[in-house]
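See below for the structure under consideration.
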Amino acid sequence: MIQIGIVGLGYWGPNWLRNFAQTDGCEVRYGCDLDAARCTKFQKQYPGITFTTKFKDLLNDPELDAVVIVTPTSSHFPLAKAALLAGKHVLVEKPMTATLKEANELVKLAKRKKLQLLVDHTFAYTEAVAKIREIIKDGKLGEPLYIDSTRINLGLIQKDTNVLWDLAIHDLTIIDAVQKLDSVVEVFACGSAFYGKQSEIGHLHLKFASGLHAHVHASWLSPVKIRQTLIGGKKAMIVYNDTEPSEKIRVYDKGIEHDTTKPDPFFPKYRSGDVLIPAIALTEALATEAAHFVDCIRGKAKPRVSGEDGKRMVEILEAADKSLKQNRILKIKQG
Ligand SMILES: NC(=O)c1ccc[n+]([C@@H]2O[C@H](COP(=O)([O-])OP(=O)(O)OC[C@H]3O[C@@H](n4cnc5c(N)ncnc54)[C@H](O)[C@@H]3O)[C@@H](O)[C@H]2O)c1
């Protein structure tokens, strides 16, 4: 049985607690939070787990195999580094670290210690994103032309990150399923901060080596909740609406036929065919991810979102910050 410790039992941590408690092949040995009241609360719910306010208790236990870090972003690096140095495998929440330098150090350390380092880019584990990957793999989308993603609501304003690091990271995970973020060549971002120092509304524009453009609009200041990604391809167009309970994806046979051998006069022909709503399993992403983490520790699987993937994400978000501050397009080196 793989022994797991979960650090951070605030808003998101209890979801990990619940999912790992139900995952085969592992046992939750510890729950940890600086806040003693949270430990007491969960102790009642999970009497078989040891709850502690001291992260060191986890590090000092030779029986513990892995830690799951679900604390605020600025603490990801020191906690993950200490866990790796203590010989524990790590699954860390998004964003992996607050800086690229820290991400680099964790990737190198995990490699040196021969330990698993995974990052929770949750959407990489959703059935909807798996379906999008399948549609693309089957050639039904055709060449991707654009991605336009919106993630807005009256959201929880974070203290230590802006809205792009907190929300747009999910859109970037979805975008990565269409076109690997490794091939981003340009980043442009703009945003506005009305209440704090960090942008509460952000726009992020990415250009890929292939010519694909992707745009993300993220906001904590919207009266309505929208979680929608449009993916336009030459053969079809996908609308992914994550607020829909079951019919999350619609594939539209819509597009433009343009005979490029006769560019003049310009007469695009419009195609408007059927709409397909594929069936999607209602599996919780964290359940899939928890089982995958255990498989990776056992050497049965390769990380779906590795430390390297987490690092690439941080690199793009760091470039977005720079672009936002300097109001210019940032060039990115291809990974
Ligand atoms: N993947 C997702 O969809 C998703 C959703 C929400 C949050 N998150 C991520 O989860 C992380 C936590 O977010 P949250 O909203 O739960 O935050 P939160 O503030 O509600 O909870 C964080 C908890 O961590 C505890 N903590 C902080 N430092 C600690 C330490 N050194 N040792 C032990 N406990 C410590 C705090 O006491 C608090 O209870 C963030 O990285 C966030 O980005 C991910």
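Since this is a predicted model, take the numbers as computed values, not measurements.
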**Sidechain N-carboxylate O distance under 4.0 Å for Lys325, Asp321** = no

**Request:** Working to the nearest 0.5 Å, report the span between NE2 of His76 and NZ of Lys94.
**Result:** 8.5 Å

**Prompt:** Has Asp138 got more than 12 heavy atoms of other residues, nucleotides or ligands less than 6.0 Å from its CG?
**Reply:** yes

**Message:** Quick check: is Ile152 connected to Leu221 through a chain of hydrophobic side chains (ILVMFWY, heavy atoms under 4.5 Å apart)?
**Reply:** no

**Flag, side chain of Gln116 to backbone of Phe293, donor-acceptor distance under 3.5 Å** = no

**Distance in Å, Leu141 CG paired with Ile136 CD1, rounded so as to fall on 0.5 Å steps** = 5.5 Å

**Message:** Quick check on Lys113: does its NZ atom have over 12 non-hydrogen neighbours (other residues, nucleotides or ligands) under 6.0 Å away?
**Reply:** yes

**Message:** Any side-chain to backbone donor/acceptor pair from Arg250 onto Val275? Under 3.5 Å, distance only.
**Reply:** no

**Message:** With rounding to the nearest 0.5 angstrom, report the CZ to NE2 distance, Phe188 to His205.
**Reply:** 10.0 Å

**Request:** Applying side-chain hydrogen bond (donor to acceptor under 3.5 Å, both in side chains), run through Glu63 and Gln3 and close with a yes or a no.
**Result:** CA-CA 7 Å; Glu63 301 290 311; Gln3 301 293 314; over 6 Å; no

**Prompt:** Hey, which of Leu204, Asp148, Ile175, Asp171 is the one that makes side chain to side chain contact (heavy atoms under 4.5 Å, CB included) with His215?
**Reply:** Asp148

**Fill in**
Nearest heavy-atom approach of Cys26 to Ile4 is CB-CG1, 4.0 Å

**Asked** Do Asp61 and Tyr30 have a side chain donor and acceptor closer than 3.5 Å?
**Response** yes

**Complete:** Apart from Tyr270 itself, its cluster of hydrophobic side chains linked below 4.5 Å comprises Ile256

**Message:** Just to verify, which of Val90, Leu109, Leu91, Val305 counts as forming a side chain to side chain contact (heavy atoms under 4.5 Å, CB included) with Leu117?
**Reply:** Val90

**Basic-acidic side-chain contact under 4.0 Å: Lys131, Glu134** = yes

**Prompt:** Say you draw a straight line from CD1 of Ile231 to OH of Tyr146; how long is it, rounded to the nearest 0.5 Å?
**Reply:** 9.5 Å

